[in-house]
Amino acid sequence: ATLHRAVDALKQGRKSVALVPTMGALHEGHLSLVRMAKRVADHVVVSIFVNPTQFGPNEDYAAYPRDEAKDAALLVEEGVALLWGPDVGVMYPDGHSTHIEVAELGADYCGAARPGHFDGVATVVAKLFNQVRPDIAIFGEKDWQQLAIIRRMARDLDFALDILGAPIARDKDGLALSSRNAYLSAAERKAATALPNALKAAAKAIAGGGDVAGALAKAEADIVKGGFDSVDYVALADADSLERLTEFRKPARLLAAARIGKTRLIDNLAVG
Ligand code: AMP
């Protein structure tokens, strides 16, 4: 009720509200979403919720970086109107038993490597939409599959809001910014550029008419050669349906996930 009153106050005078959902440990990538939100709406609401249901049993839920005081200070500086940071017990009261599965888009890629992950994401994002009731919600293209799933969920379930995707914010050396980069040792951080570099080379080869399977295999080998321990997937996908492509046609996206030490990193790139 407190949140609804606060959002109603922001909406007075037909003002629009944009929501930026996050799990905190904010970096420039998150802040670029906040800045986009400011450009497209009158008021910005940011949520911070480290969502336990999107972490697998052997994943980093307990260790996930959390610094709410620092995050709040950054958001004040950005002129954010409201920070919504519910407790786990508020989000999932005893007996919570309703879930959303976006079946078609959630099975492959990160969905295959992280069973249940996207059901957790879709469910919590639907709840955030109902809690905050924004006019617009902004998600990063960094999580391309997640963005596609949320667009499909919003369409399928008739959420009356616009979903916008924001471009990937990268460090100077090309590594996509991520809260999980904080896990990397200095040597791993240096090696991690192998992931965006391999995608760049593969995108160039495929857009130039090169063999798709060959380009994907080379990218996978380059990622391991660069210092990653294993590759979950490197794939060429239809950018909207996420269908795997064996031949290049637009709109296409290269999607990848790989593990270095204890850290799993993802990245993606438009082709052509
Ligand atoms: P997270 O806190 O990791 O759940 O991310 C919250 C939102 O920020 C998601 O919509 C992400 O896609 C987005 N995001 C995270 N990192 C980046 C980045 N480097 N560039 C653009 N968006 C990002």
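All ligand and atom numbering here is 1-based and tracks the order in the structure.
Enumerated by chain and number, the residues approaching ligand 1 to less than 4.0 Å through a heavy atom are P21, T22, M23, H27, G29, H30, L33, Y64, F139, G140, K142, D143, Q146, P167, I168, A169, L177.
Checking R114, R66, R180, K262 one by one against D60, the salt bridge (charged side-chain N to carboxylate O under 4.0 Å, His left out) holds for a single residue, R180. Considering K250, R253, R244, R249 as possible partners of D238, the one that fulfils the side-chain hydrogen bond (donor to acceptor under 3.5 Å, both in side chains) test is R249.
Judged by distance alone, the side chain of D71 and the main-chain N or O of A25 form a donor-acceptor pair under 3.5 Å.
Taking 4.0 Å as the cut-off between side-chain N and carboxylate O, R5 and D8 do not count as a salt-bridged pair. Remark: R170 engages D267 in a salt bridge, criterion side-chain N to carboxylate O under 4.0 Å. Ion pair R189/D171 flagged as a salt bridge, since at least one NZ, NE, NH1 or NH2 atom sits closer than 4.0 Å to an Asp/Glu carboxylate oxygen.
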